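Being a predicted model, the structure only gives us computed values, none of them experimental.
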Amino acid sequence: MSNKEFTISQGTKVVAQDLRNSVLKYACEILQRDVNKVTTEKDVDNEIYLTVDPQAPVDGDDFQIDLTSPDKVTVSSKTSLGVMYGALAISRDILKIDDFWYWMDTVAQVKKTIEWTNFDLHLPDYQTEYRGWFVNDELLLRGWNDHDSQQYIWQRVFETALRVGCNVIVPGTDVQSQVNRQPAKEFGLMIAQHHAEPLGAKMFAREYPDLEASFLKYPDLFRKLWRDAINEQKGTPTIYSLGFRGQGDKPFWEDDTSRKWDDKAIADVVNGVIKEQYDMIQELDPGAPMALNVYGELAGLYKKGLVDVPDDLIEIWADSGYGKMVSRRQGLDNPRSPLLDIPNPHNRKRGLYYHVAFHDLQASNFLGLLSNSPEFVSSELMKARSKGLDTLELVNTGNIKPHVLYLREVAKTWVKGYKARTNDEILDDYVKHYYSEHQKEIVSLYEDYWKSVVQYGTHSDETAGDELSPFLIRRIIKTWLSGKDKLPDAGWIVGDDSLADGVKKIDGMITPKLPDWGKLVVNLKKLMLDQNEQDAKTLYGDLYLSTLYQADGLKALHLVIQAYELSMAAKKDDDYLKPFLLADEAYHTMDEINFAQSHHKSTKWYDFYKNDGYDDMPLTAIKLRFLRHYLRTLGDTADEDDWERRFIKAPGDARVMTLWTTAREFSDDDLAKKLRERLIDKL
């Protein structure tokens, strides 16, 4: 063996300088796992040694890898995190373990042994100082176990974040973020905090459920929560989030009726609270970095010059939730204020809170791909960089698995020298990496996805994600069946229109796109029949399900609107036959999504979607089943036998009444099947 070669085999042991250092311990475990995964034979006994070395010839979290003897490689860094990055670089570049192996189920290439000759591996030259994932709206992760364990899942979350270069994480929302705080630190990640959870403190309403969440009434109780949170985290790598909203992700004055709130009054409270929090951190954890989320209502106060805070905070500005660097729509208020040209007279450092996944119960993407293209995201992030919003970047990852395409590209944007890339460049890179065959076809299918999206607003980026259809279906059914005339929470899409005019407007938006979505589903199904097993599994979870959420969701929405319009025009009982069958079709269309999720091509993921309480496709299917029965109730008799006798039974059986009936009434499912069969040419 040459003195510049090191053979990795089953005889290679990964050893840490000090296993009491949890970061080194996990780095050891991960790299040893990967060595064992990709080699099958034992060569010689040798060692990869991981050590924190204050004299390592590198800066920051960079690492040095040296062949220190024929049977020993040393990975050193001045920091534990740097050693972790070094171990993961070996896993990625030498063992060829994919960064997203856990979420994409990539299969590593197995060899007898691996000859390692290139030891010149280093941390990329990052432009973004603080690079983080915000694991937010993590319902799917919460409701799922792998290896019979939630701990195992979150360890894979932390591992993947580190693999793509993160050094910061918000490890969940509310209670979960506090549970996961210490485990994330044990992997070497710095902790940041949800904008609705300043200082990482416990929620006032959770700790004091019988008290009004008013800082003016109970300032000492709020201060205690803040002080307790700082004391718990002090001395550990933490970026404290300063600010004050309310209980949950909403403005505090909605819960505080003690006074009349105008902009000046709100700003006075916010500025005072931020100054108190700042001073408290300076007292208890001096030198810790701090950030101010200029989000929601605070952005409006900022632009009016009402925000007065210390200058050494990092300002974090958020996109629209759909990837555009304009202010987020709040209900009917949609000023779309540009965020990239806001003056910075105090020369504060600035960063981003950016969504590749989003939940707003309206039109965003929770289960599936962002409705704006990767090219769009790449361009927006580079615009933000050009304006200096790159000190800290927190990326809303949602539940990670549905959003790998975007998370992978965003990680690339953190590196110096990155240039905005086109869809062709991003997709070619991604598809070649994850698919072994039919690569041009797959790129084309991904492109068709963004060509098919529904535009719900006047601006090109106001596009509909997977939440649109179930959100609107449930509200149409509620409004229709309760006899009301306005869709709740839908003024952003229908304005002040009546229900009748509103659904007509919605249908006009979605109907032209239905053929495109239907064609894409068919093309994906055809391609999966021709793919090898691994590629078919990947495509199913990565694009097919996202497409199905859109295609079947929009189709079901269209069918509900048709059922509503025909029902409103009904003059006699039989006029409800067609609406009944439309509701039946809508129900089965929506239920196809539930079936597709629970019959994933990879059994690992078949129950991953069970805790979806946002899109809530199962609830939407239940609502559609209820609508179907409601329409049968309107058109059929009280005993639900008239449609059966007149349209399904043989004429003689229907007319001879010696026995009123010979069996119980048909179920809605069976009735719909038979009616569709008998009346196919008549409806």
Should the ring pair [X] and [Y] be called parallel, tilted or perpendicular, given that the plane angle runs from 0 to 90° and is split at 30 and 60?
X      : Y      : value
Tyr353 : Phe134 : tilted
Phe358 : His355 : perpendicular
Trp133 : Phe100 : parallel

Going by the rule ring pair (Phe, Tyr, Trp, His ring centres under 6.0 Å), which residues pair with Trp101 if we only count those two or more places apart in sequence or in a different chain?
none

With Tyr240 via ring pair (Phe, Tyr, Trp, His ring centres under 6.0 Å) - residues at least two apart
none

So, using side chain to side chain contact (heavy atoms under 4.5 Å, CB included) as the criterion, who are the partners of Asp466 when residues are at least two apart?
Asn365, Phe366, Leu367, Tyr549, Asp615

So does [X] pair up with [Y], basic N to acidic O under 4.0 Å?
X      : Y      : answer
Lys383 : Glu380 : yes
Asp62  : Lys78  : no
Arg181 : Glu232 : yes
Asp424 : Arg421 : no

What do the steps show when you test His600 against Phe608 for ring pair (Phe, Tyr, Trp, His ring centres under 6.0 Å), and what is the final call?
CA-CA 9 Å; His600 199 290; Phe608 179 68; 8.8 Å; no

Charged tip of [X] within 45° of [Y] ring normal and under 6.0 Å:
X      : Y      : value
Lys72  : Tyr49  : yes
Arg408 : Tyr430 : no
Lys604 : Tyr102 : yes

Closest approach of Glu186 to Ser22 (non-hydrogen atoms, all atoms of both residues):
O-OG, 2.9 Å

Is there a side-chain contact between [X] and [Y] in this structure, where contact means two heavy atoms from C-beta onward sitting under 4.5 Å apart?
X      : Y      : value
Ser378 : Tyr418 : yes
Ile191 : Thr236 : no
Asn167 : Tyr126 : no

Worked check of salt bridge (charged side-chain N to carboxylate O under 4.0 Å, His left out) between Arg163 and Glu159
CA-CA 6 Å; Arg163 281 181 170 277; Glu159 176 188 336; 2.9 Å; yes

Give the intermediate values and the outcome of side chain to side chain donor-acceptor pair (under 3.5 Å) for residues His359 and Glu467.
CA-CA 8 Å; His359 161 62; Glu467 285 198 336; 2.6 Å; yes

